[in-house]
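Side-chain atoms are counted along with the backbone in the values below, which use heavy atoms only and exclude waters and symmetry mates. Letters A, B, ... are given to chains in the order of the sequence lines, protein chains preceding strands, and every chain is numbered from 1.
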Amino acid sequence: MNEFGIINLSRRDFLKAGAGLTLGVTVPSLAQMPGQGGRSVVAAGALEPNAFVRIGTDNTVTVIVKHLEMGQGTYTGLPTLVAEELDADWGQIRVEGAPADASRYNNLFLGALQGTGGSTALANSYEQMRKAGAAARAMLLAAAAERWNVAPDSITIARGAVMHLPSNRRTNFGQLAASAAKLPVPKEVQLKDPKDFALIGRRVTRTDSRAKSNGTAIYTQDVKLPGMLTALVAHPPRFGGKPKSFDAAKAKAVKGVVDVVAIPQGVAVLAHDFWSAKKGRDALAVEWDESGAFKLGSAEIMAEYKNLAATPGLPARKEGDLPGAFARAAKTLEAAYEFPYLAHACMEPMNCVVKLSADACEIWNGEQFQSIDQPEVAAVLGMKPEQVKLNMLFAGGSFGRRANPHADYLVEAVQIAKGIDGRAPVKLVWTREDDMRAGHYRPMYYHALKAGLDAQGNIVAWQHRIVGQSILAGTAFEGMMVKDGIDATSVEGAANLPYAVPNLGVELHSPKMGVPVQWWRSVGSTHTAFSTETFLDELAAAAGKDPYQVRRTLLAKSPRHKTVLEMAATEADWTTPLVSARVGDRRGRGIAVHESFNTVVAQVAEVTVKRDGSYRVDRVMCAVDCGLAVNPDVVRAQMESGIVYGLTAAMYGAITLKDGVVEQSNFHDYMPLRMNEMPRIGVYIARSSEKPTGVGEPATPVIAPAVANALFAATGKPIRSLPIRIQT
Amino acid sequence: MITLNVNGKPMSVDADPDTPLLWVLRDHLGMTGTKYGCGMALCGACTVHVSGQPARSCSTSLAAVAGKRITTIEGIGQTKEGRVLQEAWIANDVPQCGYCQSGQIMSAAALLAKVKRPTDAEIESAMSGNVCRCGTYNRISLAVRQASRNLK
């Protein structure tokens, strides 16, 4: 192995693999990170099959992508990085999902862990994938030089063509692959100067658009194995419930039903097909043990949170002299904010295919967190994690849901397969209702904010108290990301408030509730961006100031924030008053800016409020600084996507509980935004030569405060709870 | 045995007559391009054409389509509307997760078969039954307009 860890795998696996050149890359500095348990630096000559690139004799370049494709574009972005440095033609690129093996496919931002999340996929792979491409290029070039007996620097590679121009000779990667595979890996590679980029920074078409437009893309829901049974599970009506007893007679009488088994999570009905399993489950009679069930409703939970908010919490940030500043303030304002539980509601409900054998477990899944799923599944089966093989398929959305910290639905599927002694492969299918009621929601939160203004209307004191369940408590991440009782994901976006306020305090209460919670697209920022950005508009209004100018002043020392803020405002023509289309309609414009996952997004929303109190969001101008935009069109798509996801939650999103029972079940009572409600969206990308930062999440948290501020501007009434309800 | 005509081919199915067409296609005929999203005709992911009309296959029983002509995403590329739509979908990189897109294209194809040059309002009305949680709506409407222009 050379110094940066590119291994020529094909030298060992050449015959076995058939033909071609296979390269892997490890980054020793990460392998050496502290706290990685028994993992050591990949030893020289270890030849771990750490493959990212495979060049076939058929002239295809297969890029092995370590991150789940759930819509965000990893199967396009990561191959772009390889293709760029390889000087490949985009048309010869193929994509394969990586297997579970954290020693090769770890997320470089998550230490030794393999997984997709936190808008890290492209950012952590930026140099790794480019190096993989550059090394492959160097070997192809050396093979061509040897074949033609010419100096390597006289060879040109462009768009997949390898050329010796002086002698007018030409070949391709496929014809060089076998001989290149026998060569040593270069000791070091030179990455391109960004000014020479041919693919990075331009739009290349998505690798998955065709398969996703003609029905051939395969999701977990589409996997069919010989002899496979489909399982539906009757789950307890309340969180913490367990099956006490059940009568399977009627279920088993349904044609197509094969078996009924109790598992810790409920009672599973297995059938030859979905519809039989569904009818079987409908016919099943289960008695539940609710001795440990959670029985509070949303109203009681919120009342408890309000009481807690009246008391000091644990400090997440403390600056200056807050009590003194409040005592001296000319004016004090307070506001409290309420946020409901939110379901992820991916278009493809959770599902998982499991095949057991005596010494292995094979899983097909929209696999998002290999380093959690492998050990969790292995524990159920008494196996070692490496005996669990994970096939990563396209995911029909995730928004965080498939990276479950307890591998909830995978474990459920494995329990069922175990329950029938592995005699058939099992596909667990959750119906929309199962999915909606399975918990692992974005937590409910209550925020209490208080600010002091001086005589000139400047903000001199800011106190922010947050109450809500910790997402990380009880997960493998607790030790890493909960410090002194502060779950970093509960206060992100609040504790790092970008505004220059001299006296500032952020406090947190993390009450325990029996409702399972989880990260949801943009995590803590889903609520902190809303309370901070709408409260700021209330303060600006109280001071008689323009909310855009207030932000510009307070962000004087945050150039990225200021840049996107100004871009969005300029695109929106901020200073030009909005015109009402109809008499009686009120229009308003609102602005918000927020940083999450190292990306800064500013949005201006324009709304129309009709006389009956209904409203629509007419237009959104979105500016983003995500470092270098590797694929500007994918960046635009993710901004559009984040806006729709955040706007849906702002307008409609609420999971509510009554006596512990979730009240919503499907898209009629957990409403998604539809095409007829879409605003026009403009996306503006700040020029940057910095390393790329994530784009999957950062547009999501900004839209709700931008819209709420627009409604405040239109009606004069602040929005302090979500989903938005207009007071008429 | 119930006989259907799927994408121009006669097919026989041995399933209960109350089985939704969605599960007949997916589990009995192995055609998985048509997706399950809600089971209540709320999201449109399961949209197919029955006798040329868009239908939510999750809420259409096998009995109701016996002998009828059914078109799915696997067959829509054989029609001129389906072909221009798929081309426009790819040209605009419409899909993200892609799970809803079969249904989106089937709804759009039914619209273009009926109205060759739909207005924005007609597109909105025809497509608002199809949910996309990735939020690709603006690209969908762009692609439908582009496909409409390319329809000879």
Side-chain angles (χ1 to χ4, degrees), chain A residues 69-73 203 205-206 208-219 221-222 224 230 255 272-276 279 345-349 394-399 429 431-433 633-634 637-638 640-645 647-648 666-668 672-678 680-681, chain B residues 15-16 18-20 22-24 26-28 30-40 42-43 45 72-74 76-77 82 85-102 105 121 123-141:
Chain A
E69 176 58 85
M70 48 187 157
Q72 84 283 41
R203 181 189 173 211
T205 53
R206 288 182 66 117
D208 53 354
S209 283
R210 184 172 299 275
K212 288 175 174 177
S213 299
N214 64 18
T216 58
I218 297 296
Y219 302 81
Q221 192 82 14
D222 306 328
K224 191 166 190 179
T230 297
K255 193 178 133 199
H272 290 298
D273 62 282
F274 173 91
W275 194 244
S276 303
K279 285 201 284 191
C346 314
M347 286 309 297
E348 181 186 21
F394 284 133
S398 174
F399 317 112
V429 178
T431 62
R432 174 59 56 197
E433 292 80 5
D633 195 55
V634 170
Q638 284 314 296
E640 293 160 6
S641 176
I643 288 166
V644 177
Y645 202 72
L647 185 57
T648 297
N666 209 314
F667 289 132
H668 63 290
L673 195 80
R674 292 172 184 271
M675 188 185 277
N676 59 325
E677 300 158 302
M678 275 297 288
R680 282 176 290 139
I681 297 174
Chain B
D16 277 356
D18 73 343
T19 308
L22 170 67
W23 300 107
V24 170
R26 294 183 55 84
D27 287 352
H28 295 268
M31 299 169 74
T32 55
T34 306
K35 299 298 191 233
Y36 166 73
C38 70
M40 288 177 68
L42 296 166
C43 79
T72 70
I73 187 69
E74 287 88 352
I76 199 67
L85 282 163
Q86 286 173 335
E87 281 165 9
W89 245 245
I90 294 162
N92 292 286
D93 279 332
V94 171
Q96 290 188 28
C97 92
Y99 193 82
C100 73
Q101 299 297 345
S102 295
I105 288 174
I123 294 173
E124 218 173 79
S125 152
M127 301 303 297
S128 288
N130 287 77
V131 172
C132 172
R133 290 285 284 154
C134 298
T136 64
Y137 298 122
N138 285 355
R139 285 178 190 237
I140 288 172
S141 100

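- Closest of all the heavy-atom pairs between B:L42 and A:F667 is CD1-N, 3.8 Å.
- Scanning all heavy atoms of the two residues, the minimum distance from B:Q96 to A:D208 falls at O-OD2, 4.1 Å.
- Both the backbone and the side chain of B:I123 come within contact range of chain A, with heavy atoms under 4.5 Å apart.
- For a residue to count as touching a neighbouring chain, one of its non-hydrogen atoms must lie under 4.5 Å from one of that chain's; by this rule A:T216 does not touch chain B.
- Distance check, rounded to the nearest 0.5 Å: CG of B:D27 to CH2 of A:W275 gives 11.5 Å.
- Contacts between A:D633 and chain B at a heavy-atom distance below 4.5 Å involve backbone atoms as well as side-chain atoms.
- Once rounded to the nearest 0.5 Å, the distance linking SG of B:C43 with NE2 of A:H668 reads 13.0 Å.
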Check step by step if side-chain contact (heavy atoms from CB on, under 4.5 Å) holds for A:M675 and B:I140.
CA-CA 9 Å; A:M675 188 185 277; B:I140 288 172; 3.5 Å; yes
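- Using a 4.5 Å cut-off between heavy atoms, A:Y219 contacts chain B through its side chain alone, with no backbone atom that close.
- Between the side chains of B:D93 and A:S209, at least one donor N or O sits under 3.5 Å from an acceptor N or O.
- No part of B:T136 comes within reach of chain A, as not one of its non-hydrogen atoms sits under 4.5 angstrom from that chain.
- No other option in A:M70, A:Q221, A:E69 has as many heavy-atom pairs under 4.5 Å with chain B as A:Q221.
- Between B:P95 and A:R206, the closest side-chain pair of non-hydrogen atoms is not below 4.5 Å.
- Note on A:K255, A:E348, A:M678: by heavy-atom pairs under 4.5 Å with chain B, the leading option is A:E348.
- Taking each heavy atom of B:S128 and A:R674 in turn, the nearest pair found is O-NH1, 3.0 Å.
- The shortest side-chain heavy-atom distance between B:V94 and A:K212 does not fall under the 4.5 Å cut-off.
- Ring planes of A:F274 and B:Y36: tilted class, angle from 30 to 60°.
- With values rounded to the nearest 0.5 angstrom, B:T32 atom OG1 is found 4.5 Å from A:I218 atom CD1.
- Only the backbone of B:A91 has a heavy atom closer than 4.5 Å to any heavy atom of chain A.
- Looking at B:I105 and A:S213, their side chains come closer than 4.5 Å, going by heavy atoms from C-beta outward.
- Nearest heavy-atom pair, B:S102 versus A:G215, reported as atom, atom and distance to 0.1 Å: OG-CA, 4.0 Å.
- B:Y137 approaches A:L673 most closely through the heavy-atom pair OH-O, 2.6 Å.
- Of the two parts of A:I681, the backbone and the side chain both hold a non-hydrogen atom closer than 4.5 Å to a non-hydrogen atom of chain B.
- Looking only at heavy-atom pairs under 4.5 Å with chain A, the residue among B:G37, B:G33, B:G30 that has the most is B:G37.
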Assess whether side-chain contact (heavy atoms from CB on, under 4.5 Å) is satisfied between B:M40 and A:R432, documenting all intermediate values.
CA-CA 9 Å; B:M40 288 177 68; A:R432 174 59 56 197; over 6 Å; no
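- Distance CG/B:L85 to CG/A:N214: 13.0 Å, rounded to 0.5 Å.
- Taking all atoms of both residues into account, the shortest heavy-atom contact from A:S641 to B:C134 is OG-O, 2.7 Å.
- Counting heavy-atom neighbours within 6.0 Å of A:R203 CZ, excluding the residue itself, gives a total above 12.
- For A:R680, the part lying near chain B is the backbone, with the side chain staying farther off; criterion is any non-hydrogen pair under 4.5 Å.
- Between chain B and the residues A:A637, A:S276, A:G642, the most heavy-atom pairs under 4.5 angstrom are made by A:A637.
- Of the residues considered (A:C346, A:A345, A:S398), A:A345 shows the highest number of contacts with chain B, using heavy-atom pairs under 4.5 Å.
- Note on B:R26 versus A:D273: no salt bridge recorded, every NZ/NE/NH1/NH2 to OD/OE distance being 4.0 Å or above.
- Proximity to chain A (any heavy atom under 4.5 Å) is restricted, for B:N130, to the backbone atoms N, CA, C and O.
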